[in-house]
Engineer: 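Below is the structure I would like to discuss, written out as structure tokens.
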Amino acid sequence: MEANLLDLDAEGLTRFVADLGEKPFRARQLLRWIHRFGETDFARMSDIARSLREKLHQRAHVVPPQVISDGVSADGTRKWLLDVGKGNAIETVFIPESARGTLCISTQAGCALACRFCSTGKQGFNRNLTVAEIVGQLWIANRALGAAPDSRLDNGGFAIGERTGGHDRLASGDRVVSNVVLMGMGEPLLNLDNVVPALRLMLDDNAYGLSRRRVTVSTSGIVPMIDALAEQCPVALAVSLHAPNDELRDRLMPINRKYPLRELVAACARYLKKAPRDFITFEYVMLDGVNDGEVHARQLIELAGTVPCKINLIPFNPFPNSEFVRSPREAIRRFNERLNAAGIVTTTRRTRGEDIDAACGQLAGRVQERTHRVKIARAA
Ligand code: SAH
Ligand code: SF4
């Protein structure tokens, strides 16, 4: 069977080339071609010996997910819909800002955790994404955004170190995608076996070379897996809190019944010993009349006092049949101010990409409906 080299991090590729009787530096060359330059054709990997290129041609391929559609919002947010087979689609969103470009990546098709305010959660779980499908989202975005130079423009006869223009720009750290957040569809910590190699590729200097501080995993709070992430690949951590007490969090996020707040906060404190940043980001979705009152602010201040953290308020983004309403702007401002006044660094996330259904929590809801309708139409 042909191996998809997009599935392999440095360690995996080194093992793969060793099985072909090759030295480890071949793995580094392959990483650069595949990830830095976005090359999929072994024939164009000019500094790799012809005999190895032929072996690769027979045993391997480089296959990113298929792009189904690609849309740009009025505010510049860009969204790709990617086919992951069997009628499943996932979404990737690029959010350009003045000083950085953030790519929001999915880790599962659907999600099993059924948070009540989340469109992905309402769909149920389909399957875990592969390493190639996770890191492939960055691969695709880099190419589409012009960061990975199209090697078809090259005549191919030179070594990587001699490359110029766009290549240098990438190597120098002036990246179009400067930050990655695992905040798309799915729970990253329930797909850790594939998320970790994908993270390692994002950090690898021969691949994307992103800083650990600029790669963020967002989790609903899978306590043992927070410890596992700290061991295997510590990056910045965001935790979806959304409620300041167990009673409310149990209702909004069923996972809280398994890992209640006290255990979650303790896991956050343990994580910080290994983390590249000295705080956890707590995400808090603002639901009108549900978690946005003065009493909630007070409880949240108390909770936030128990672990070094910053709070990010997210205005709720509605989706078809969602049972909640976004807190009014004034309520969000007041809540934010209360927390700040108590000395807790708090920001409110600007909503981006709403017109193309690319805002937090809206991903793939409508697509799923469409896919479902197509299936019904076909069956009829
Ligand atoms: N499963 C992970 C990561 C994906 S969700 C997690 O839950 O953290 C990314 C973020 O979007 C989470 O903070 C999630 O709670 C939030 N979110 C989900 N639905 C939302 C909605 N409708 N409006 C605003 N934010 C939402
Ligand atoms: Fe899953 Fe995160 Fe949505 Fe909850 S908020 S259902 S964990 S994707």
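Just the heavy atoms: all of them, side chains too, but no hydrogens, waters or symmetry mates, feed the values below. As the structure lists them, so they are numbered: ligands from 1, and atoms in each ligand from 1. The residues of the chain are indexed from 1 along the displayed sequence. Everything quoted here is computed from the prediction, not taken from an experiment.
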Engineer: Protein heavy-atom contact under 4.0 Å for atom 8 (S) of ligand 2?
Structural biologist: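 There is a protein heavy atom less than 4.0 Å from atom 8 (S) of ligand 2.
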Engineer: Look at Arg251 together with Glu247 and state whether they make a salt bridge at an N to O cut-off of under 4.0 Å.
Structural biologist: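 Looking at Glu247 together with Arg251, the answer is yes, because their closest N to O distance falls below 4.0 Å.
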Engineer: Please answer whether the main-chain N or O of Gln232 pairs with a side-chain N or O of Arg200 as donor and acceptor at a distance below 3.5 Å.
Structural biologist: yes
Engineer: Counting only heavy atoms closer than 4.0 Å, does ligand 1 sit against the backbone of Val285, its side chain, both, or neither?
Structural biologist: side chain
Engineer: For ligand 1, which atoms have a heavy atom of Thr219 less than 4.0 angstrom away?
Structural biologist: 6 (C), 8 (O)
Engineer: Under the side chain to side chain donor-acceptor pair (under 3.5 Å) rule, what do Asp246 and Asn256 come out as? Steps first, then yes or no, please.
Structural biologist: CA-CA 7 Å; Asp246 281 319; Asn256 194 66; 2.9 Å; yes
Engineer: Show which atoms of ligand 1 fall inside a sub-4.0 Å distance from at least one heavy-atom site of Asn317.
Structural biologist: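 Under 4.0 Å from Asn317, ligand 1 has these atoms: 21 (C), 22 (N), 23 (N), 24 (C).
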Engineer: Using a 3.5 Å cut-off on N or O atoms only, is Gly186 in polar contact with ligand 1?
Structural biologist: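 Indeed, backbone or side chain, Gly186 has an N or O that close.
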Engineer: Using heavy atoms and a threshold below 4.0 Å, how should the contact between Thr120 and ligand 1 be classified: side chain, backbone, both, or neither?
Structural biologist: neither
Engineer: Which atoms from ligand 2 have a heavy atom of Leu113 less than 4.0 Å away?
Structural biologist: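 Result: 7 (S).
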Engineer: Can we say Glu2 and Arg59 salt-bridge, meaning some charged N sits less than 4.0 Å from an Asp/Glu carboxylate O?
Structural biologist: no
Engineer: Going by distance only, is there an N or O of Phe117 that falls short of 3.5 Å from an N or O of ligand 1?
Structural biologist: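 Looking only at distances, the answer is yes, because the N/O contact criterion of under 3.5 Å is met.
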Engineer: Where the closest heavy atom to atom 9 (C) of ligand 1 is concerned, which of Met253, Arg326, Met183, Lys122 has it?
Structural biologist: Met183
Engineer: Between the main-chain N or O of Ala18 and the side-chain N or O of Arg26, is there a donor-acceptor pair closer than 3.5 Å?
Structural biologist: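 Flag not set: sc Arg26 to bb Ala18 has no pair under 3.5 Å.
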Engineer: Hey, does Glu283 come in under 3.5 Å of ligand 1, counting only N/O atoms on both sides?
Structural biologist: yes
Engineer: Please report which non-hydrogen protein atom sits nearest to atom 2 (Fe) of ligand 2, along with the residue it belongs to and the distance in Å to one decimal place.
Structural biologist: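 Residue, atom and distance for the closest contact: Gly186 O, 4.5 Å.
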Engineer: Please determine if Glu97 and Arg350 form a salt bridge, counting it only when a charged side-chain N lies under 4.0 Å from a carboxylate O.
Structural biologist: no
Engineer: Within the 4.0 Å heavy-atom shell around Ser220, which atoms of ligand 2 are there?
Structural biologist: 7 (S)
Engineer: Is a side-chain donor or acceptor of Arg53 paired with a backbone partner of Ile48 at a separation under 3.5 angstrom?
Structural biologist: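 Side chain of Arg53 to backbone of Ile48, a donor-acceptor pair under 3.5 Å: yes, one is there.
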Engineer: Which one holds for Cys111 and ligand 2: side chain close, backbone close, both close, or neither close, with close meaning a heavy atom under 4.0 Å?
Structural biologist: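 It is the side chain that touches ligand 2; the backbone stays farther off.
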Engineer: So which protein heavy atom does atom 4 (Fe) of ligand 2 come closest to, and at what separation?
Structural biologist: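 Going by distance alone, atom 4 (Fe) of ligand 2 is nearest to Cys115 SG, 2.3 Å.
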Engineer: List ligand 1 atoms under 4.0 Å from Ser220, heavy atoms only on the residue side.
Structural biologist: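 So the answer, numbered in order with elements, is 6 (C), 7 (O), 8 (O).
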Engineer: Hey, is Glu22 close enough to Lys55 for a salt bridge, meaning N to O under 4.0 Å?
Structural biologist: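 Looking at Glu22 and Lys55, the cut-off is met.
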Engineer: Between Arg32 and Gln29, is a side chain to side chain donor-acceptor pair (under 3.5 Å) present by the stated rule, with each step listed?
Structural biologist: CA-CA 5 Å; Arg32 284 185 220 136; Gln29 284 180 315; over 6 Å; no
Engineer: Could you establish whether Ser119 and ligand 1 come within less than 4.0 Å of each other, counting only heavy atoms on the residue side?
Structural biologist: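 It does not; every heavy atom stays at 4.0 Å or beyond.
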Engineer: From atom 4 (Fe) of ligand 2 out to just under 2.8 Å, does an N/O/S atom of Cys118 turn up?
Structural biologist: no
Engineer: Does the distance from a Lys or Arg side-chain N to an Asp or Glu carboxylate O, for Glu283 and Lys310, drop under 4.0 Å?
Structural biologist: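 Salt bridge flag = no for Lys310 with Glu283.
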Engineer: Any atoms of ligand 2 less than 4.0 Å from a non-hydrogen atom of Gly121? List them with their elements.
Structural biologist: 6 (S)
Engineer: Is it the side chain, the backbone, both or neither of Met185 that has a heavy atom closer than 4.0 Å to ligand 1?
Structural biologist: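 None of Met185 does.
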Engineer: In terms of atom number and element, which parts of ligand 1 are under 4.0 angstrom from non-hydrogen atoms of Cys118?
Structural biologist: 18 (C), 19 (N)
Engineer: Going by the angle between their ring planes, with limits at 30° and 60°, are His35 and Tyr208 parallel, tilted or perpendicular?
Structural biologist: perpendicular
Engineer: Would you call Arg78 and Asp70 a salt bridge, taking side-chain N to carboxylate O under 4.0 Å as the test?
Structural biologist: yes
Engineer: Only heavy atoms of His242, strictly under 4.0 Å: list the atoms of ligand 1 that pass.
Structural biologist: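 That gives atoms 13 (O), 14 (C), 15 (O) of ligand 1.
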Engineer: Considering Gly184, Pro315, Ser322, Ser218 one by one, which has a heavy atom nearer to atom 4 (C) of ligand 1 than any of the others?
Structural biologist: Gly184
Engineer: Quick check on side-chain contact (heavy atoms from CB on, under 4.5 Å): which of Asn336, Val325, Ile332 does Met286 satisfy it with?
Structural biologist: Ile332
